[in-house]
Amino acid sequence: MRQITLLVAVFLLGTLMIHTLAEEKVEEGSCAKQFNNNQNITVVAAPGPVGPKGDVGPRGHSGTPGEKGVSGAPGKLGPVGLRGEKGEKGEQGPAGEKGAPGTSPPASPVVTFSVVRTTSLLKPSSSTVMMYDTILSNVGGAYKQETGKFVATVGGIYFFTFTGMTPYAPHTNYFILLMKNGSKMVGLHENNGPQSQHQSASNSAILQLQPGDEVWVELQTTDRSLYSDSNRFLTFSGFLIHSG
Ligand SMILES: *[C@@H]1O[C@H](CO)[C@@H](O)[C@H](O)[C@H]1NC(C)=O
Ligand SMILES: *[C@@H]1O[C@H](CO)[C@@H](O)[C@H](O)[C@H]1NC(C)=O
């Protein structure tokens with residue numbers, strides 16, 4: 001619009017008198033000359049070449065904050081945390097179900113023996129281990145007939161008993177001992193005195209034995225005698241009370 005106005009003005013005023021140049025003004029976007037004689041005359045020339053690009057201007061002010069964005073996708077699983085502290089003791093649980101019937105404990109070993117001497121032993125020259133010729137029982141085989149000694153194969157508590165009998169004659173006597181590994185356990189003694197008679201007695205002991213321990217009956221020293229015959233007066237017996 002302004003351009004058209006200016007062109008019309010140039011056409012109209014170009015026919016009028018030309019005044020001296022009073023003032024010169026350059027308008028933006030065009031080249032114009034103004035003659036001041038109470039009349040403005042603007043002469044428009046073709047625009048020159050585009051000038052070089054100006055320098056980058058200063059940075060503008062910060063804009064107003066934008067609206068809040070939508071939430072992002074959940075992040076990746078983090079690393080395992082530290083071990084927590086030990087919790088408190090829990091309450092007692094309910095009673096369990098009744099168990100199945102148990103099995104019998106292993107059968108305890110049976111060790112028992114009973115042996116008999118059917119002959120007398122008259123005034124041996126030294127202390128003598130009593131030998132018994134007849135075996136009534138020997139369950140477990142711990143009594144050794146060839147030595148007259150009981151040898152424990154099972155450790156435990158044993159009961160032993162033995163008998164003695166004097167010959168039918170005055171002043172005869174016996175003194176016998178139950179021995180364990182050469183140590184005196186219990187003794188038995190009788191003396192007829194002036195009487196011609198038989199006297200019979202027994203003694204017994206409960207012994208705790210280790211496997212390998214030996215127990216036997218021994219007639220002590222000389223000038224002592226024991227009597228027996230087919231009526232089996234001299235005996236030696238024992239059995240295991242409890243193993244372990
Ligand atoms: C000439 O132009 C000037 C500046 O635009 C203006 O102030 C003046 O009044 C004009 N004169 C006439 C006679 O139009
Ligand atoms: C008893 O004697 C037997 C045979 O000599 C031996 O093996 C055993 O270790 C002895 N026992 C003890 C407690 O000394």
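In what follows, every heavy atom counts, from backbone to side chain, and hydrogens, waters and symmetry copies are set aside. Atoms within a ligand are numbered from 1 in the order they appear, just like the ligands themselves. Here, residue 1 is the first one in the sequence, and each next residue gets the next number.
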Is atom 2 (O) of ligand 2 in close reach of the protein, with a heavy atom under 4.0 Å away?
-> yes
Donor-acceptor pair, side chain of T172 and main chain of N192, under 3.5 angstrom | no
Report yes if the distance between the aromatic ring centroids of F150 and F236 is under 6.0 Å, otherwise no.
-> no
Atom 13 (C) of ligand 2 sits nearest the protein heavy atom D213 OD1, 3.4 Å
Would you check if V129 and K149 make a side-chain contact, meaning some heavy-atom pair closer than 4.5 Å?
-> yes
Could any protein non-hydrogen atom be found less than 4.0 Å from atom 9 (O) of ligand 2?
-> no
Note the single closest protein heavy atom to atom 6 (C) of ligand 2, along with its residue, its atom name and the distance in Å.
-> G212 O, 4.0 Å
Is there a nitrogen or oxygen of N181 sitting under 3.5 Å from a nitrogen or oxygen of ligand 2?
-> yes
Measure across M165 and Y174 and return the closest heavy-atom pair with its distance rounded to 0.1 Å.
-> N-CE2, 3.4 Å
Given side chains that start at C-beta, do those of Y158 and L240 come closer than 4.5 Å, heavy atoms only?
-> yes
